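Numbered from 1 within each chain, the chains take letters A, B, ... in sequence-line order. The structure displayed is predicted, hence computed values, not measured ones.
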Amino acid sequence: MNQRIPFLIFLPGLLYVLSGFLPPRHQVDMDIDGFSRLPVQTGGRVMPVDTAARNQLRIISGRQHVRLEEGGRMPASQWLLELAFRPEVADDLKVFRIENPEVLGLFGWDPDIGKFFSFNELQPHFRAIREQAVRVNPEAQLRTPFEKQIVQLHHALSLYNELAHSFTSTGNLSQLEWEYLSWLQAVQTGRDAFRARELGEEYDIEAFNRFAFLTDRFMELSRRASLGVIPPFTAEQREENHWLDIGQGLLLTLRTDEINPVAAAYAQLSAAYRAQDAEYFNRTLATLHAEIDPQAPLGRVGFEHFFNHFAPFMKSIVLYLAVCLIIGYSWLRESEGARRGAYWLLLLALVIHTFGLLARMYIQGRPPVTNLYASAVFTGWGAVLLGAIIERLQKNGVGTLAAGLIGFVTLIIAHNLAATGDTLEMMRAVLDSNFWLATHVIVITLGYSGVFLAGAIAIVYVLRGIFTRGLSPELGRSLTRMVYGVTCFGLLFSFVGTMLGGVWADQSWGRFWGWDPKENGALIIVLWGALMLHARWGKLVGDRGFMLLAIGGNIVTAWSWFGTNMLGIGLHSYGFMDAAFFYLIAFWMSQLALITLGTLPKRYWRSPMQVAKAT
Amino acid sequence: MRSLFLFFSSLWLTIVLLALSILLVFFGTLDQVHWGIYEAQKRYFETLLAVWHYPPQWPLAQYLKGFWIPLPGGYLLGALLVINLLCAHFRYFRPHIRKTGIVLIHGGVVLLIISGFLTSWLQQESQMILSEGGPPVHYSIDYRAYELVLIDRSNPQHDSVTTIPLAMLYDGGELELPGLPLALRTHKVVENAGIGLRSNIIKHYEDLLAMARRPDSPVQFSAREMASVERILAAMRDSNALVVGTHGDVLLDKRGLQLRGFADRMDGVVHQRPPTFKEDEANMPAVVLEISGPEHSLGTWVLSTGLVGDIPPQFVTLGDQEWEIALRFKRRYHPFSLQLLKFSHDRYPGTDIPRNFSSLVVIDNPQTGEHRQTLIYMNHPLRYEGLTFYQASFADEDTTSILQVVRNPGWLAPYIAITLVGVGMTVQFMIHLIGYLGRRRTTP
């Protein structure tokens with residue numbers, strides 16, 4: 001029986017992962033999945049509609065799907081489909097997230113009625129929103145929660161509006177084909193009128209006016225539309241990979257004397273969707289794919305679609321949590337089988353996590369760490385890898401638990417950081433250096449992994465020692481050795497990473513060190529590591545003191561990783577109201593509490609501590 | 001003596017110094033929010049003693065306002081760490097192969113700290129501003145230093161420029177100018193000031209007050225701020241006031257002064273402002289200066305770095321000699337010039353996210369006869385004649401390029417230092433790791 005336990009633990013995990021390969025289910029027979037695969041460009045990057053819809057919906061509502069009032073969920077790409085082609089349906093969907101009671105009060109609403117509202121519910125209050133939005137403090141960091149929410153809502157409304165006008169013109173959505181046809185005629189007759197007018201001859205005023213009116217209208221549309229839906233047209237656009245928005249696409253008629261086939265197909269798609277004609281919809285979709293796909297980096301776009309659907313990091317989160325629970329069980333029941341099962345599950349989670357990392361690298365064509373989100377994913381990955389190695393060396397479950405804990409927490413952090421939009425955004429000019437991204441950033445992030453892993457093992461030491469009898473003298477010694485080794489690793493990587501940053505700065509700006517907050521944060525980690533090791537070598541601390549210092553490493557690293565970013569944004573305020581700041585303080589408090597707990601006199605520890613002192 | 005050596009070589013001292021360094025860096029970073037990176041660096045890292053005050057913007061400031069923490073500054077900690085390291089080395093070091101890593105690490109750390117001192121003393125930064133289609137520029141500007149200049153343009157071949165650092169001028173100070181028949185007497189120096197026509201300033205404040213009093217005004221003033229603005233207005237309306245303080249007190253009266261130039265002809269006044277510490281703002285000092293010839297006073301001038309644009313230049317005349325006088329940001333002249341051919345600001349398609357900034361410039365060096373084009377862009381600065389020119393900013397709708405110019409003669413030291421430490425750490429940890437794995441293998 002005992003032999004089978006690891007399999008019994010591993011198998012459900014594997015099945016859970018494999019479930020990601022099942023195709024997405026939709027209630028309608030229209031090929032919504034096919035729509036979500038269409039390539040579009042936003043933020044300078046070509047991506048599947050699915051990603052664009054998820055990113056925008058995440059900014060508007062904080063979620064990647066819409067919760068329907070009648071129960072069930074609507075995926076982001078279907079929501080976008082409604083918004084673009086059936087705005088009368090979309091405008092009743094509750095997607096705008098408003099949590100601030102003062103903002104709700106502005107609209108005369110009670111906080112109890114929920115936190116999601118539809119466009120139509122907000123419409124009577126647009127004036128109030130606009131008025132409040134212009135009055136907010138111009139310095140973002142000094143804004144009150146009310147002002148922040150107003151700005152956020154104002155931004156969400158304009159995003160919503162831009163998205164709604166990104167696929168078609170703004171006329172009658174069922175009869176766009178007629179509108180486009182009359183535009184084609186207007187171009188032909190209007191051009192003659194225009195030429196005649198230039199020459200001072202008699203011209204058709206009505207044709208001229210219609211031409212001018214429609215041209216103006218599409219230029220306005222181009223200012224509003226936020227997605228590049230039409231592949232590059234000229235050689236120069238192809239060179240720059242510049243996709244055209246729908247307004248620019250319709251204006252192409254001025255050059256080609258025909259309606260751009262992609263624009264025309266989107267108009268048909270609109271008519272088909274409005275008529276809920278599945279066959280027509282699917283046929284039009286096939287035309288669209290045939291038009292667009294040859295001009296898009298299809299491998300990447302298709303892969304990104306799979307990546308979104310497979311959601312590797314979400315799967316890893318679940319697996320890491322399971323790992324932690326199973327290790328806890330294995331210690332309670334002293335079950336070696338459960339420990340091994342948890343270890344296998346950890347390896348499975350690591351594989352999925354690694355797959356997610358590599359997938360992001362492939363989609364973006366960049367080294368793994370390019371922004372704060374990616375640093376959270378990578379820090380977790382590094383710590384899990386190290387933890388798995390430690391478990392392999394010392395088969396006692398501690399490495400697995402510490403790895404699972406950090407993997408779980410860092411991916412949750414990443415998940416929350418994603419709410420700001422595209423996590424695969426383009427790199428701003430100064431960061432546009434794959435060499436330094438691949439060296440400095442990777443090394444320093446692995447340094448974070450090391451320090452956090454040491455801290456997590458130390459937490460296991462304190463909690464197990466105080467609350468259980470499980471911390472035997474041998475285990476205590478072995479944990480100390482682990483923390484010592486991991487700290488050495490963390491110090492080496494933090495130091496080398498920090499100094500590589502200095503080299504980057506010197507190469508780019510002619511100065512090695514600029515006392516920038518992020519640099520200072522990294523320096524503090526290095527100083528802390530040096531302090532820990534000197535205290536250890538000088539026998540100024542014993543096993544327990546060393547462990548408590550390692551927990552302190554968590555505080556220091558959290559500061560360097562997140563705290564310094566909170567300072568950097570504005571020069572005048574600390575953004576005390578920011579949720580992230582609250583979590584940072586909460587994390588610090590929890591670590592201080594653990595350190596304080598660890599200083600409890602040894603007679604209160606349930607595990608025998610006297611012997612563990614020996615080194 | 002022996003106990004002193006024991007103290008300076010002790011590991012406890014190391015721990016204390018490291019802990020204090022952590023605190024110093026932490027509080028220094030916190031204060032960058034208020035002082036900006038440059039000023040915080042001066043107050044925490046390039047000093048012997050630093051003091052952190054509880055910021056009034058923080059919660060509970062009403063109770064903790066007077067709370068402060070003294071800390072040893074960067075110079076003191078750096079010096080003590082080096083002493084501690086050297087003493088400990090002599091006390092504990094026994095030559096052994098297992099210690100090579102430690103020696104390398106500590107050698108590197110000492111060198112790193114020393115290179116920090118070198119950089120702090122020797123590094124100079126300035127900016128070179130180039131406009132597209134503009135003339136070659138052979139100087140860069142240091143926005144944190146100011147100089148008084150007297151320019152004699154009588155020679156058609158070249159101008160003779162006499163510069164006096166603003167730091168040499170102080171209220172009531174007198175200065176003879178060697179080589180020139182002139183002497184200076186400083187009536188007032190203001191570190192940061194607005195300067196303008198009295199009527200304009202009065203109008204500006206009147207408009208501000210009128211707007212603030214409207215019920216739907218977007219600007220809201222507290223009662224104290226209102227009172228302060230009213231005091232400033234009252235002071236400005238006093239036609240004898242020449243320098244008005246931040247709170248509306250008259251710092252210098254024009255009676256008894258023979259005003260010339262801007263202050264005389266255009267009724268120019270100086271309005272003191274609190275110094276700025278923002279990274280993207282410069283202080284605009286102003287000075288009220290009396291200039292005398294060999295026999296008698298020639299008059300009093302108001303000068304400021306803010307006097308640019310449509311304000312005509314000011315002149316001092318003595319007999320048939322004439323000098324243009326001005327207060328300006330310090331210029332560092334180079335024996336070569338750069339000329340901007342083209343500045344480019346590339347964005348990602350369909351977005352405002354910048355992809356690259358680059359400046360195509362011509363280097364012209366009459367000393368070496370060099371005349372060539374080069375491209376300065378992100379992560380690829382120009383290194384020339386011991387200077388690094390990097391693309392720092394741009395202006396005027398992408399037609400002006402601003403290059404940061406850095407001179408750091410000690411640039412090589414950190415490279416050697418970090419190589420030593422990096423190699424040392426790797427060696428030392430490898431020794432540990434191999435030892436640990438070896439022990440694992442022998443004890444089943």
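- Here B:I22 is the residue among B:I22, B:T119, B:L387, B:L11 with the most heavy-atom pairs under 4.5 Å with chain A.
- For chain A, no part of B:L433 is nearby; none of its heavy atoms comes within less than 4.5 Å.
- B:Y415 and A:D506 share a side-chain donor-acceptor pair at under 3.5 Å.
- When A:H534, A:R481, A:Q237 are compared by the number of non-hydrogen pairs under 4.5 Å with chain B, A:H534 comes out ahead.
- Contacts of B:A19 with chain A are made by both backbone and side-chain atoms, with heavy-atom separations under 4.5 Å.
- Between chain B and the residues A:Y484, A:W537, A:W513, the largest count of heavy-atom pairs under 4.5 Å involves A:Y484.
- Within the model, atoms CZ of B:F26 and OG of A:S560 stand 12.0 Å from one another, a figure rounded to the nearest 0.5 Å.
- Note that the CE atom of A:M532 and the CG atom of B:L18 stand 12.5 Å from one another [nearest 0.5 Å].
- Both the backbone and the side chain of A:L393 come within contact range of chain B, with heavy atoms under 4.5 Å apart.
- If you measure heavy-atom distances from A:Q507 to chain B, the contacts under 4.5 Å come from both the backbone and the side chain.
- Chain B forms the most heavy-atom pairs under 4.5 Å with one residue out of A:S226, A:G43, A:G228, and that residue is A:G43.
- Between B:N379 and A:W504, the side chains place a donor N or O and an acceptor N or O closer than 3.5 Å (distance only, hydrogens not considered).
- Counting heavy-atom pairs closer than 4.5 Å to chain A, the top-ranked of the candidates B:Q404, B:H380, B:Q391, B:R383 is B:R383.
- Counting all heavy atoms, side chain and backbone alike, A:L527 lies closest to B:S21 at CD1-CB, 3.7 Å.
- The contact between A:L533 and chain B is made entirely by side chain atoms (from C-beta outward), counting heavy-atom distances below 4.5 Å.
- B:T388 is not listed as a side-chain neighbour of A:R511, based on a closest heavy-atom distance of 4.5 Å or more.
- The part of B:T14 that comes within reach of chain A is its side chain, from C-beta onward, which places non-hydrogen atoms under 4.5 angstrom from that chain.
- Taking chain A as the reference chain and counting heavy-atom pairs below 4.5 Å, the highest number among B:I418, B:V405, B:V406, B:L112 is found for B:I418.
- Judged by distance alone, with hydrogens and angles left aside, the side-chain atoms of B:Q32 form a donor-acceptor pair with the main-chain N or O of A:W515 at under 3.5 Å.
- The parts of B:W12 that come within reach of chain A are both its backbone and its side chain, each placing non-hydrogen atoms under 4.5 angstrom from that chain.
- Here A:N520 contributes atom CG and B:T29 contributes atom OG1; the two are 3.5 Å apart, rounded to the nearest 0.5 Å.
- Within 6.0 Å of the CZ atom in A:R238, the count of heavy atoms belonging to other residues, nucleotides or ligands exceeds 12.
- Heavy-atom minimum distance, A:S508 versus B:P381: O-CG, 3.6 Å.
- The choice from A:V526, A:V556, A:L523, A:V503 that makes the most heavy-atom pairs within less than 4.5 Å of chain B is A:V503.
- Only the side chain of A:W559 comes within contact range of chain B, judged by heavy atoms closer than 4.5 Å.
- Atoms OG1 and CE, on B:T419 and A:M499 in that order, are 11.0 Å from each other to the nearest 0.5 Å.
- Contact count versus chain B (heavy atoms, under 4.5 Å) is highest, among A:F495, A:F512, A:W528, for A:F495.
- Summarising the local packing, NZ of B:K99 is surrounded by 12 or fewer heavy atoms from other residues, nucleotides or ligands at distances under 6.0 Å.
- A:L492 CG to B:T426 OG1: the interatomic distance, rounded to the nearest 0.5 Å, is 5.0 Å.
- Neither the backbone nor the side chain of B:S10 comes within contact range of chain A; no heavy atom of the residue lies under 4.5 Å from a heavy atom of that chain.
- With rounding to the nearest 0.5 angstrom, the CG atom of B:D346 is 8.0 Å from the CD atom of A:E240.
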